[in-house]
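Working notes, beginning with the structure itself.
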Amino acid sequence: MKNGVDINMNRLRFVTSNKGKFYEVKSLLADYEIEMFNVGYPEIQASDLEDVACYGIRYLWNEYGGNLFLEDSGLFIHKLNGFPGVFSSYAQNTIGNRGILKLLSDEKDRRAYFKSVIAYCDEKGSIKLFGGRVDGFISYEEVGDEGFGFDPIFLYDGRTFGEISLDDKNKKSHRGFAVNEFKRYLDNNFKEVL
Ligand code: IMP
């Protein structure tokens with residue numbers, strides 16, 4: 001206890017099995033104790049990441065209580081009408097980066113963006129959403145072995161996310177923006193209580 005408040009309030013459970021996501025988020029929330037909470041939750045078929053995230057966090061609150069958050073993200077490719085979008089994880093595990101490059105093989109319009117939605121549930125069951133987006137292009141080949149998932153085919157400012165360090169990616173990525181918004185919320189709210 002500190003000033004009558006449990007200091008474990010600074011401890012948050014991040015519901016994910018993705019180590020790449022976990023390290024990025026942990027590095028941005030260095031003032032907090034972040035635990036990787038590897039439990040499953042239903043990902044509903046919906047066209048918006050927000051809907052998927054809201055459904056998931058309500059389920060997690062019912063099962064495991066509050067003080068936890070999840071992050072849903074996806075790659076949206078303009079020429080493919082937003083595919084893979086909410087199906088990004090599935091697409092990554094099936095067709096992979098090579099499959100995406102193949103789908104765009106003769107295509108000049110290579111615009112794409114990554115989007116991230118964080119859903120947080122506090123210990124009282126109150127839910128908040130935070131979001132971030134980064135616009136870029138799909139490269140013509142895989143470049144770099146940093147990061148995870150679609151990083152080697154996502155071009156931003158002349159380099160793929162697969163070519164840049166975690167710290168550099170966190171400064172410009174969808175997840176970096178979403179986590180910073182989340183952090184501002186946590187900093188303000190915890191400051192009020194402590
Ligand atoms: P989900 O959020 O767990 O549903 O998975 C989203 C999927 O989108 C991941 O498995 C990755 O394939 C992809 N993805 C999301 N964010 C990133 C990123 O920052 N880099 C590369 N791929 C990403």
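Note that the coordinates shown come from a computational prediction; the quantities given were computed from them, not determined experimentally. Just follow the structure's listing: the first ligand is 1, and inside any ligand the first atom is 1. Quick note: numbers below take in every heavy atom, side chains included, and nothing from hydrogens, waters or symmetry partners.
- Ring centroid separation for the pair Phe114 and Phe76 does not come in under the 6.0 Å cut-off.
- Sorted by chain then number, the residues whose non-hydrogen atoms approach ligand 1 to under 4.0 Å are Lys21, Glu43, Glu71, Asp72, Ser73, Ser88, Ser89, Gln92, Phe114, Phe148, Gly149, Phe150, Asp151, Lys169, His174, Arg175.
- Cation-pi check for Arg110 over Tyr140 is met; the charged atom lies under 6.0 angstrom from the ring centroid and within 45 degrees of its normal.
- The salt bridge (Lys or Arg N to Asp or Glu O under 4.0 Å) analysis of residues 51-72, with sequence neighbours excluded, yields the pairs Lys21-Glu71, Glu71-Arg175.
- For an aromatic pair to be called close, the ring centres must be under 6.0 Å apart, and Tyr59 with Tyr41 fails this.
- No side-chain donor-acceptor contact under 3.5 Å links Asp48 to the backbone of Glu50.
- Relative ring orientation between Tyr156 and Phe161 is described as tilted, the plane-to-plane angle lying within the 30° to 60° band.
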